[in-house]
Protein chains: 2
Amino acid sequence: MPIRTGRYTLQFPNAPVITGSAGVAGKKEEEGPLASEFDYIFEDILMGEKSWEKAESAIQREAVIRALDKAGRAPSEIDFAMAGDLLNQCIGSSYGLREFNIPFVGLYGACSTMALAMALSAIMVESGTAGKALAATSSHFCSAERQYRFPLEYAGQRTPTSQWTVTGAGAAVIEPTGQGVQISAAILGRIVDLGIKDANNMGAAMAPAAASTIKDFLEDTNTNPNDYQMILTGDLGIVGSSLLIELLQRDGIDILGCHSDCGCMIFHPESQPDTVAGGSGCGCSGSVVCSHILKRIQNKELNNVLFVGTGALLSTTAVQQGETIPCIAHGVLLRQGN
Amino acid sequence: MPIRTGRYTLQFPNAPVITGSAGVAGKKEEEGPLASEFDYIFEDILMGEKSWEKAESAIQREAVIRALDKAGRAPSEIDFAMAGDLLNQCIGSSYGLREFNIPFVGLYGACSTMALAMALSAIMVESGTAGKALAATSSHFCSAERQYRFPLEYAGQRTPTSQWTVTGAGAAVIEPTGQGVQISAAILGRIVDLGIKDANNMGAAMAPAAASTIKDFLEDTNTNPNDYQMILTGDLGIVGSSLLIELLQRDGIDILGCHSDCGCMIFHPESQPDTVAGGSGCGCSGSVVCSHILKRIQNKELNNVLFVGTGALLSTTAVQQGETIPCIAHGVLLRQGN
């Protein structure tokens, strides 16, 4: 049973296990530092499909198939699939998962979706509601650019705070017992909106939400950053990461020694300068956590990783109407299992 | 604790209680048969806001405030809010709920969102994960038309199978005990796609998903339609409702005597001919269930209502790319409480 600890945190005494996971990515990500970590690299940006949107569904499906395979599970054994993505009406997920015939919970958490899906899956498993749950998400540079920014053909200049949407997907199978990384706690975040309006500076918009969730989690569990080998944010990028560190420092919380960010890890800032402030998109933390991070915990190189996915809950319409950007951050605590 | 019954159904022995709910709607809905049932009618289609999207957030916020008020709860007492809507990136919900400071789970279930949010909220409460949960959704005719179809100014002709997006919202507070309607079971649906491509015939696209979920629920619980005073679908409308009845008849299941549909209930087909095949949108079942239906159960006029929300998981981009329409239906069983 999930046990509420403090105001916002849920602890899982039985610590549900990630019995299989996969992170897949594209060619640009293959040129980054984590190339050898991904379970599969798509050399073709269209993944053999006729549109970028169909390609995104294909990469999410691929991640799910590989995660199921590693867990040794058939789709028919999964009780719930929890998934979402950045595309309008989350079609990356609905079209990506439609063939599996698994009861489907569509989520919208923007780039926090992997953390949200893992948290809800762990709640379902820990509470006995599900015997096996699946968490999945994806993003695709080309489908995101077309939808959120400019036609690719326009070759728009990128601002110094902009981030590069990762072409990638992550999926994880979560069960009550088994071999694998354990999820021992989770926290679902509140919407934080400090008035940022610049849709090319998501890092700045999301940093306060990440700070809020991390602070809540530390307070609820009466722990401090030293208790975690890594506090890993989703995709704050270079700009948002330094803001997060500064925001928490003001509250007397120093995460400098243990903070990492998937958006800062996935690209080389020097040799991939067009990625500017780092990676972003649901597939950023999705692919990095479900491959690199879970592998390192599994190999006993890492332990006690507080993964906090961050999402900006804007739309192009809201931005065009002069709205500020509401953000959210959801967290799961990952630790070595059996 | 939720108890899995059969393959897909969850039964709730403690039957979480809807301690407060509200359905609000617009002027068009006031001209329909349920006018006196809604908790509030917005006479102004813009709800005093500057855009239809902001207006939609305003109506969802209004439904939430009224549901909280009826439950006698402050936002700070709610552990999780589960909400979603039809707008790109679900901004009706994220902007509508951002001021409440409640941990937020963004959902995407298209027009099935009210049922999905109620089901997940009941799971959270029944499992002890949440002490109090909030389910909410909304839709707005003008924001939906602009996003999915044509500019309103274009005054496009409507096809004989098209439905009218309801301007409305629903919200419900769900707790372990208290006075109100109980949720005694839930079922999360699978994605069903039988190849319908006509985005103006959502009823036909969604009917097979509704049939699948209803059939699963009856099989899992070893019950038949006579055991329910009402099997209530979300927004199949006139076309989808007759298809649902036909599809189930082929499997030897006769729901003709107990079937109702929120989309058929909310408008007068004769005096509101522009609504054509009936109401649709997240706010359709959201507003009808959270006002009319829950009131009738509360007043002991109704009991054992299997509410099955239906959603079409398409996007304009997917339709333009020639894709078929994947659909889903989620259900909750509503019964008289104390």
Side-chain angles (χ1 to χ4, degrees), chain A residues 1-4 8 10 50-51 53-54 79-80 84 86-91 93-95 97-110 112-113 116 120 123-124 126-131 143 146-147 187-193 311 313-318 321 323 326 328 330, chain B residues 1-4 8 10 50-51 53-54 79-80 84 86-91 93-95 97-110 112-113 116 120 123-124 126-131 143 146-147 187-193 311 313-318 321 323 326 328 330:
Chain A
M1 279 270 289
I3 293 175
R4 190 164 288 270
Y8 300 108
L10 295 164
K50 285 186 179 165
S51 74
E53 291 75 16
K54 288 176 198 265
D79 293 320
F80 303 117
L86 287 169
L87 293 178
N88 294 344
Q89 288 70 58
C90 302
I91 55 169
S93 305
S94 54
Y95 286 88
L97 299 186
R98 71 176 155 179
E99 72 184 38
F100 292 115
N101 207 30
I102 302 171
F104 174 70
V105 175
L107 299 178
Y108 188 74
S112 74
T113 302
L116 175 60
L120 286 177
I123 288 170
M124 292 295 229
E126 175 77 18
S127 66
T129 308
S143 62
R146 162 147 80 186
Q147 182 179 286
I187 180 166
L188 296 176
R190 293 168 287 149
I191 297 172
V192 177
D193 185 341
L313 304 173
L314 80 171
S315 79
T316 53
T317 304
Q321 292 178 0
E323 266 290 4
I328 200 154
H330 302 293
Chain B
M1 280 268 290
I3 293 176
R4 190 165 288 270
Y8 300 109
L10 295 164
K50 285 186 180 165
S51 74
E53 291 76 16
K54 287 176 199 263
D79 292 320
F80 303 116
L86 287 169
L87 293 178
N88 294 344
Q89 288 71 57
C90 302
I91 55 169
S93 306
S94 53
Y95 287 88
L97 298 185
R98 69 176 156 182
E99 71 184 35
F100 292 114
N101 206 31
I102 302 171
F104 174 69
V105 175
L107 300 177
Y108 188 73
S112 74
T113 301
L116 176 60
L120 286 177
I123 287 170
M124 292 295 230
E126 175 78 17
S127 68
T129 308
S143 63
R146 162 146 81 185
Q147 182 180 285
I187 180 167
L188 296 176
R190 292 168 288 149
I191 297 172
V192 176
D193 185 341
L313 304 173
L314 82 171
S315 78
T316 53
T317 305
Q321 292 178 2
E323 266 290 4
I328 201 156
H330 303 293

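Each chain gets a letter, A, B and so on, in the order its sequence line appears, and its residues count up from 1.
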Choice from B:V105, B:L87, B:L97, B:L107 maximising heavy atom contacts with chain A below 4.5 Å: B:L107
Engaged part of B:E99 at the chain A interface, taking heavy atoms whose separation is under 4.5 Å: neither
Winner by heavy-atom pair count (cut-off under 4.5 Å) against chain A, out of B:P326, B:G84, B:A110, B:P2: B:P326
Residue part contacting chain A, namely of B:L116, when any heavy atom lies under 4.5 Å: side chain
Option that, when pairs with chain B are counted at under 4.5 Å, heavy atom only, ranks first among A:I102, A:D79, A:D193: A:D79
Contact leader toward chain B among A:L313, A:V192, A:T113, A:I187, where contacts are heavy-atom pairs under 4.5 Å: A:L313
Considering all heavy atoms, the nearest A:S127-B:T129 contact: CB-OG1, 4.4 Å
Minimal non-hydrogen separation, A:S51 against B:Q321, with atom names: OG-OE1, 2.6 Å
Which portion of B:R4 sits near chain A, non-hydrogen atoms under 4.5 angstrom: side chain
Contact summary for B:L86 and A:Q89, nearest pair of heavy atoms: O-NE2, 3.0 Å
Contacting moiety of A:L10, where chain B heavy atoms sit under 4.5 Å: side chain
Side chain, backbone, both or neither of B:F80 within contact of chain A (heavy atoms, under 4.5 Å): side chain
Euclidean distance, B:S315 OG relative to A:N88 CG, rounded to 0.5 Å: 6.5 Å
Pair A:T317-B:E53, side chain to side chain donor-acceptor pair (under 3.5 Å): steps then yes or no: CA-CA 8 Å; A:T317 304; B:E53 291 76 16; 5.3 Å; no
Options A:E323, A:M1, A:M124, A:K50, ranked by heavy-atom pairs under 4.5 Å with chain B, top entry: A:E323
Interface moiety of A:Y8 toward chain B, non-hydrogen atoms closer than 4.5 Å: side chain
